[in-house]
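Remarks on the structure that follows.
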Amino acid sequence: MDSIAAVLAAPDLTSARMQMALSLGWHIVIACFGVGFPVLVLIAEWRAYRTGDATYDVLARRWAKALAVLFAVGAVSGTILSFELGILWPGLMGTYGEVIGLPFAIEGIAFFVEAIFLGIYLYGWDRLSRKAHLLSGIPIVLGGAASAWFVVTANAWMNQPRGFRLVGGKVVDPDPIAAMFNPATPVETTHMILAAYLVTGFGVASVYAWSWLHGRRDRYTRLGFIVSFTFAAVFAIPQVVVGDWAARFLAERQPVKLAAIEGLERTQRGAPLTVGGIVEIPKGLSLLAHHDPNAEVIGLDSVPEEDRPPVLPVRIAFQVMVAIGTGFVVLAIWYAVAWWRRRDLPRSRLFMLAALAAGPAAAVALEAGWIVTEVGRQPWIVYGVMRTSEAVTDAPHIRFGYYALIVVYTAMTAATVYVLRRLGRLPREADVDPAAPEPMEPA
Amino acid sequence: MSAADLVLVVMWVGLTAYALLGGADFGAGFWDLLAGGARRGEPQRTLIEHSIGPVWEANHVWLIFVLVTLWTGFPTAFAAIMSTLYIPLTLAALGVILRGSAFAFRKSVSTVALKRLFGATFATSSVLTPFFLGTVAGGVASGRVPPGNARGDVVTSWLNPTSVLGGVMAVGVCAYLAAVYLCGDARRDGDEPMADGFRRRAVASAVVVGSFAAGGVAVLHADAPELFDGLTGRALPLMLLSGLAGAASLALLVRRSYLVARVAAAVAVTAVIWGWGVAQYPYLLSPSLTVDAAAADPAALRPLLVTMGIAGVLVIPSLVLLFAMFQRGEGAHAATREDA
């Protein structure tokens with residue numbers, strides 16, 4: 001019995017990592033809507049303002065209701081993360097808090113602005129003039145993008161730590177600005193913000209693809225689909241370009257992560273690229289990573305075994321992400337061609353089925369990308385400087401916190417899905433006439 | 001004043017704002033819990049929903065503000081507090097997530113059963129969250145958090161007389177603030193009977209909190225002598241101010257001067273929070289870690305302070321705009337229709 005108690009009380013890296021993965025993996029999907037959805041709502045409201053088309057007004061109001069729910073859930077699920085940075089990773093925050101605290105502080109300010117104006121926007125719909133209301137949405141969009149940018153710089157820093165010196169294990173000369181503008185910042189922040197827009201756009205378009213496939217061809221469904229799908233499609237191709245930039249960045253700065261992505265055991269020139277785990281393209285990886293077919297690509301054997309990330313999850317996640325991203329490009333081109341030729345949506349049912357799948361697929365790609373970044377950095381929490389095992393809390397029994405989180409997040413997921421589905425089913429007249437009573441079910 | 005002291009002051013301002021604004025939102029959940037059955041409690045719950053709906057998310061950000069200031073300005077103290085007190089902090093974090101999402105969900109459902117489920121979740125977590133945050137404050141104030149990675153006792157650091165006092169006081173103060181604020185909100189909506197109801201609740205909670213505070217003196221004397229010495233020594237003027245302001249808020253409530261009563265109540269709570277800070281200074285984690293020793297390098301504190309300055313310019317006017325918009329009477333009914 002003593003030994004069981006001792007095991008339960010021992011520092012527990014696995015539980016800490018699983019808890020962080022659950023809460024971050026959950027938050028990141030919702031947070032994407034917090035960043036992207038305000039843009040969609042504003043586009044719809046702006047169209048209503050410019051054209052006087054009531055359908056756009058209905059869209060904007062309905063989307064705003066869903067945004068209100070997603071924003072609330074995103075705000076609180078993000079707060080848990082700031083608790084967990086200390087609860088689970090005191091070694092990281094105690095040592096490096098002064099180096100990477102700044103972007104979190106600025107992110108907090110951006111989020112402040114976002115939350116304040118969201119209150120004004122959501123509750124001010126019938127109190128402000130139409131123009132003032134439209135303008136009150138702009139700080140939400142800017143605040144969302146800024147908070148995403150700053151918080152991702154902190155993650156970029158974990159991959160490319162800069163802005164400090166270590167003397168006898170202690171941090172000296174912290175330079176938070178240099179830490180924030182580390183080499184990974186441009187590519188990681190761009191990739192993430194585009195991902196947020198893709199997740200939002202395809203996520204919302206999915207809902208209308210569903211309606212379309214179930215026979216609803218009215219103007220509301222059509223415009224809802226066009227606004228959201230176009231928004232996502234615009235970013236699909238740039239995202240692939242940024243993805244290529246990210247891969248080349250890894251080849252140069254974090255070659256072991258790239259080696260894990262490709263399962264490249266040994267360092268070699270003219271390294272081949274394996275697509276989908278089956279097809280091998282000679283010299284493909286060298287070409288992809290360095291834009292030179294004969295370039296040398298660093299393999300896993302460049303570092304001792306204990307410094308290598310787990311290859312399988314990183315590899316699978318990367319291929320899933322790339323496959324989905326490529327699919328998005330195909331979908332975007334299909335859509336653009338149909339629009340260019342006929343000024344209309346593609347007529348094929350297959351297109352709508354693919355659009356329906358694109359929403360969940362975007363979330364999957366997001367999670368996969370996150371796995372590539374986070375698991376690919378292991379065993380380091382701060383690349384090359386601090387191991388994840390050095391950062392974890394020494395507190396006993398933390399697994400029970402993780403179990404509690406599983407229960408709460410399961411309930412939260414169910415409730416969020418239920419509430420969003422219910423908002424989607426409300427009769428639309430409720431949005432047009434503010435005096436219309438809500439349909440009350442009998443008590 | 002050193003950069004570290006300045007950061008501490010800014011953090012304490014954030015803590016005060018969270019207590020006065022976020023605390024009142026939790027308190028509103030407390031009254032939501034006690035509002036009675038679905039039919040009888042409906043008018044009160046509607047008022048509560050309209051009062052906190054537009055502002056609770058902004059108010060909540062003060063908590064994030066305090067956390068990021070703590071970990072950027074005093075990273076070792078942050079690591080020590082969060083790791084040793086991880087149990088009440090995990091519970092508080094779960095309370096935060098349940099409170100916020102259940103509140104948003106309740107507005108978006110219409111069946112009584114679901115409104116009840118989300119409402120009960122919102123209200124219960126509104127009571128538990130400040131309780132656990134109060135136990136954390138008690139653990140820190142009574143010197144039970146040593147520096148380092150989870151070096152303190154993970155149980156007795158928050159299950160002790162000072163922490164329990166802190167938890168109960170936090171719940172009581174939240175309820176008191178909310179009741180005082182809601183008096184004015186009810187009057188603004190032209191509902192004097194409702195304002196009277198919250199007035200009775202405000203008076204009752206003021207009396208309860210006041211007696212707990214009085215009894216708490218004995219608890220602190222026995223359990224946290226250093227804090228007791230500080231509160232009755234250097235911080236005594238602030239403690240007296242708190243008592244006076246609390247008494248004044250009672251008198252103002254009796255006279256139905258709700259808006260001035262708000263100010264008095266806020267002063268009473270602010271004086272306690274700053275009294276705690278003054279009593280504990282210069283220790284961040286008494287009895288071993290001083291503010292200076294815990295502080296980050298000045299090279300890290302300066303950009304943080306600049307950020308806080310910019311934040312003040314951006315956030316304070318926006319907050320004023322938000323509050324001004326929703327403290328005006330007109331439009332309250334438009335909001336009713338929109339949410340209905």
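Values below: every heavy atom of this structure, side chains too, minus hydrogens, waters and symmetry copies. To find a chain, count down the sequence lines: A is the first, B the second, and so on, and within it residues start at 1.
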- Task: Under 4.5 Å heavy-atom distance to chain B, tell me which part of A/L118 shows up: side chain, backbone, both or neither.
- Result: side chain
- Message: With a 4.5 Å cut-off on side-chain heavy atoms, are A/Y123 and B/H50 touching?
- Response: no
- Message: Test side chain to side chain contact (heavy atoms under 4.5 Å, CB included) on A/L102 and B/T307; report intermediate values, then the result.
- Response: CA-CA 8 Å; A/L102 187 67; B/T307 302; 3.3 Å; yes
- Note on the structure: Taking every heavy atom of B/L321 against every heavy atom of A/F117, the minimum-distance pair comes out as CD2-CE2, 4.3 Å
- Query: With side chains defined as the heavy atoms from C-beta onward, is the minimum distance between B/L63 and A/F83 less than 4.5 Å?
  - Reply: yes
- Item | Heavy-atom pair of closest approach, residues B/Y86 and A/I87 | CB-CG2, 3.6 Å
- Task: Please report the closest heavy-atom contact between A/G94 and B/T76, naming both atoms and the distance.
- Result: O-CG2, 3.9 Å
- Is a side-chain N or O of A/E98 found less than 3.5 angstrom from the main chain of B/G73, in a donor-acceptor match? no
- Query: Taking all atoms of both residues into account, what is the closest heavy-atom pair of A/G101 and B/W71, and its distance?
  - Reply: CA-NE1, 3.6 Å
- Message: Just so I understand: if I count every heavy-atom pair under 4.5 Å between each of B/S101, B/A113, B/G148 and chain A, which residue has the most?
- Response: B/S101
- Quick check: does any side chain N or O of B/N149 sit under 3.5 Å from a backbone N or O of A/P90, one acting as donor and the other as acceptor? no
- Message: Can you tell me how far apart CZ (B/F105) and OG1 (A/T416) are? Round to the nearest 0.5 Å.
- Response: 3.5 Å
- Task: Find out whether B/V96 and A/I80 are in side-chain contact, i.e. whether some heavy atom of one side chain is under 4.5 Å from a heavy atom of the other.
- Result: no
- Under 4.5 Å from any heavy atom of chain B - which part of A/P174: both
- Item | Side chains of B/V109 and A/Y418 in contact at under 4.5 Å (non-hydrogen atoms) | yes
